Asks: 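Have a look at this one.
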Amino acid sequence: MTATEINFDGLIGPMHNYAGLSPGNIASATNAGAISQPRAAALQGLAKMKRLMDRGLVQGFIPPPRRPAVAALRALGFGGDDRSVLALAAAEDPVLFNNACSASAMWAANAATVIAGPDSDDGRVHLITANLATMLHRSFEAPDTFARLRTIFADQRHFAVHSALPGTQHFSDEGAANHMRITPRHGERGLNVFVHGAARGSRFPERQAKRAGEAVARLAGAEGFHTLQSQAAIEAGAFHNDVVAVANEHVLLAHAAAFEDREGLFTAAARAVPDFVAVEVDSIGLDDAISSYLFNSQLLTLPEGGMALVLPSEARENPRVWAAVETILAGNNPINEAIVVDVRESMRNGGGPACLRLRVPVSEEARRAIDPRFLLDERRWEELCALVERHWPERIDAAELADPALWAAAGAAHDALDALLARV
């Protein structure tokens, strides 16, 4: 089967802020309380999408859920109209309120785990919504994400969208950020690698439960290979596997300290995909890997052949990391280009280029079944840029999240986006 991998990027929402809600995410903690720039953040994300569109890659987007999360707060007992719900929550439980203001759904790699059609038992693409149960602010996302995915991938002949697993630590699931697919080509059967943590007394939460990966594989009727993320990586701040490893078709790029059992993983990959290529980097420490987000790059197959790393500008600014990139590009592997993008606003909250996108491999027939409102062309991209320029706040002080004027501005931005999407 011939297949196209579509990257669906999260459109960064108008409430993008630095409230420092994510233990184990060093960038988020470091920038807690800083001034954010939602308009610049969304435009940076859109510029990244356009760079890939200009290279002939198919690009989609996932709209942000409304924030503050009024429905979640109402379900927790705050009553009245929307403004009253927000005012009560901000006054009675400011920490909870700040969590309800998070724009973290922008990191679409955590939206779901995607099992490709060639790997599922019914030939459909399966999207299993992530429960994101470990972090309070992210646990509010699953209902909105499920609804949005059901809209984008509504055709049940080609897609099966599953609701989230039970929201407990036993099934804690952070989606595609802890899943890799190794395959000869996107349209062929591949090895689904689920990377999980374990209760090892780490100073940071281990966010992915092995049971979650096992359940996801069962729901899609896919075979899964389950491997343990190294404790060293988690202790260094790699809160997801995609902070230290990325795979594309038959290539795996990873830090040498990414996995507890690298030999077992590499053996399984080589058995499943005979031309498997492992590109390991041991020339930089985990601290440089995580501060630069080298491995949170997108690794993409280009239409003209070869593969490109889509890197954050922070990787180029670190001489040790950039030397490692040059070594990768000069090596005996298919990665032959580096595309540097500015996603600094996302990076300051702990999300690089790979965090911002959900990869969905589809056949040509399945591609035609996707709701076209969420696939970008030049016109739709320009419309989104203009909308962001007009409606997204220029700046947000995390200390001012309880300002009703900010809630109104965010609501107006979402109303404008909904109106745009209502036009076929």
Side-chain angles (χ1 to χ4, degrees), residues 8 10 21-25 62 65 69 71-72 75-76 99-100 102 104-117 119-122 124-154 156 159-181 190-200 202 204-229 234 239-243 355 357-361:
F8 283 85
L21 303 174
S22 188
N25 179 334
I62 301 175
L76 294 171
N99 277 268
S102 174
S104 53
M106 62 200 243
W107 295 310
N110 303 121
T113 303
V114 180
I115 303 298
D119 303 339
S120 70
D121 61 357
D122 60 8
R124 295 186 294 172
V125 177
H126 287 250
L127 300 98
I128 298 86
T129 306
N131 60 33
L132 299 167
T134 302
M135 296 292 159
L136 176 59
H137 64 294
R138 304 224 62 181
S139 69
F140 296 143
E141 295 173 24
D144 291 314
T145 299
F146 175 60
R148 189 65 80 186
L149 294 176
R150 286 281 297 266
T151 298
I152 299 171
F153 305 103
Q156 296 185 36
F159 303 102
V161 179
H162 302 259
S163 58
L165 302 175
T168 74
Q169 63 177 346
H170 305 289
F171 294 100
S172 180
D173 178 20
E174 304 267 323
N178 292 312
H179 169 260
M180 301 182 294
R181 182 171 187 258
L191 177 70
N192 288 277
V193 179
F194 296 89
V195 184
H196 61 88
R200 295 175 284 188
S202 299
F204 295 138
E206 305 210 19
R207 302 188 185 188
Q208 186 75 24
K210 183 179 181 182
R211 283 193 182 97
E214 292 170 339
V216 165
R218 285 193 297 268
L219 286 167
E223 295 182 10
F225 180 84
H226 304 272
T227 194
L228 186 62
Q229 186 177 6
I234 291 174
F239 52 96
H240 293 136
N241 173 66
D242 70 359
V243 178
C355 283
R357 61 91 177 98
L358 183 69
R359 307 165 78 170
V360 184

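Worth saying up front: this structure is predicted, and the values here are computed from it rather than measured. For the single chain, residues carry numbers from 1 onward in sequence order.
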Asks: Using every non-hydrogen atom in the two residues, find where Ala209 and His196 come nearest and quote the distance to one decimal.
Replies: C-CB, 4.0 Å

Asks: For Arg207, check salt bridge (Lys or Arg N to Asp or Glu O under 4.0 Å) against everything at least two apart and list the hits.
Replies: Glu174

Asks: State the CZ-CG distance between Phe8 and Leu127, to the nearest 0.5 angstrom.
Replies: 9.0 Å

Asks: Among residues at least two apart in sequence or on other chains, which ones pass side-chain hydrogen bond (donor to acceptor under 3.5 Å, both in side chains) with His126?
Replies: Asp122, His162

Asks: For the CG atom of Leu21 and the CG atom of Leu136, what is their distance to the nearest 0.5 Å?
Replies: 8.5 Å

Asks: If you compare all heavy atoms of Gly175 against all heavy atoms of Ala130, which two are closest, and at what distance to 0.1 Å?
Replies: N-CB, 3.6 Å

Asks: State which residues pass side-chain contact (heavy atoms from CB on, under 4.5 Å) with Ala176; sequence neighbours excluded, sorted by chain then number.
Replies: Leu358

Asks: Who are the side-chain contact (heavy atoms from CB on, under 4.5 Å) partners of Arg211, not counting sequence neighbours?
Replies: His170, Phe171, Glu214

Asks: The criterion is side-chain contact (heavy atoms from CB on, under 4.5 Å); which residues satisfy it with Ala116, sequence neighbours excluded?
Replies: Pro118, Asp119, Arg181, Pro361

Asks: What closest approach, in Å, do Ala217 and Gly224 show between heavy atoms, and which atom pair accounts for it?
Replies: CB-N, 4.5 Å

Asks: Can you give the donor-acceptor pairs under 3.5 Å from side chains of residues 144-154 to other protein atoms, not counting sequence neighbours?
Replies:
residue	atom	partner	partner atom	Å
Thr145	OG1	Glu141	O	3.1
Thr151	OG1	Ala147	O	3.1

Asks: Only counting residues at least two apart or in another chain, list the ones meeting side-chain hydrogen bond (donor to acceptor under 3.5 Å, both in side chains) with Ser102.
Replies: Ser104

Asks: Within the structure provided, determine whether Val193 and Thr227 are in side-chain contact (heavy-atom separation under 4.5 Å).
Replies: yes

Asks: Quick one, Leu165 and Leu219 - any side-chain contact, counting heavy atoms below 4.5 Å?
Replies: yes

Asks: In Å, rounded to the nearest 0.5 Å, how long is the span from OG of Ser120 to CZ of Phe159?
Replies: 11.5 Å

Asks: Apply side-chain hydrogen bond (donor to acceptor under 3.5 Å, both in side chains) to Gln208 and list each qualifying residue two or more places apart in sequence or on a separate chain.
Replies: Asp173, Asn178

Asks: In Å and rounded to the nearest 0.5 Å, what is the CD1 to CD distance from Ile234 to Glu206?
Replies: 3.5 Å

Asks: Backbone N or O of Pro166 within a donor-acceptor pair of the Asn131 side chain at under 3.5 Å?
Replies: yes

Asks: Assess the residue pair His179 and Val195 against the criterion (side chain to side chain contact (heavy atoms under 4.5 Å, CB included)); give the C-alpha distance rounded to whole Å, side-chain angles, the decisive distance to 0.1 Å, and a yes or no.
Replies: CA-CA 6 Å; His179 169 260; Val195 184; over 6 Å; no

Asks: Kindly give the heavy-atom pair with the smallest separation between Ala198 and Leu228, and that separation in Å.
Replies: CB-CD1, 3.8 Å

Asks: Donor-acceptor pair, Ser172 side chain versus Gln169 backbone, under 3.5 Å?
Replies: no

Asks: Of all residues at least two apart in sequence or in a different chain, which pass the side-chain hydrogen bond (donor to acceptor under 3.5 Å, both in side chains) check with Asn110?
Replies: Arg138

Asks: What heavy-atom pair brings Gly117 and Val125 nearest, and what distance separates the two atoms?
Replies: N-CG2, 3.9 Å

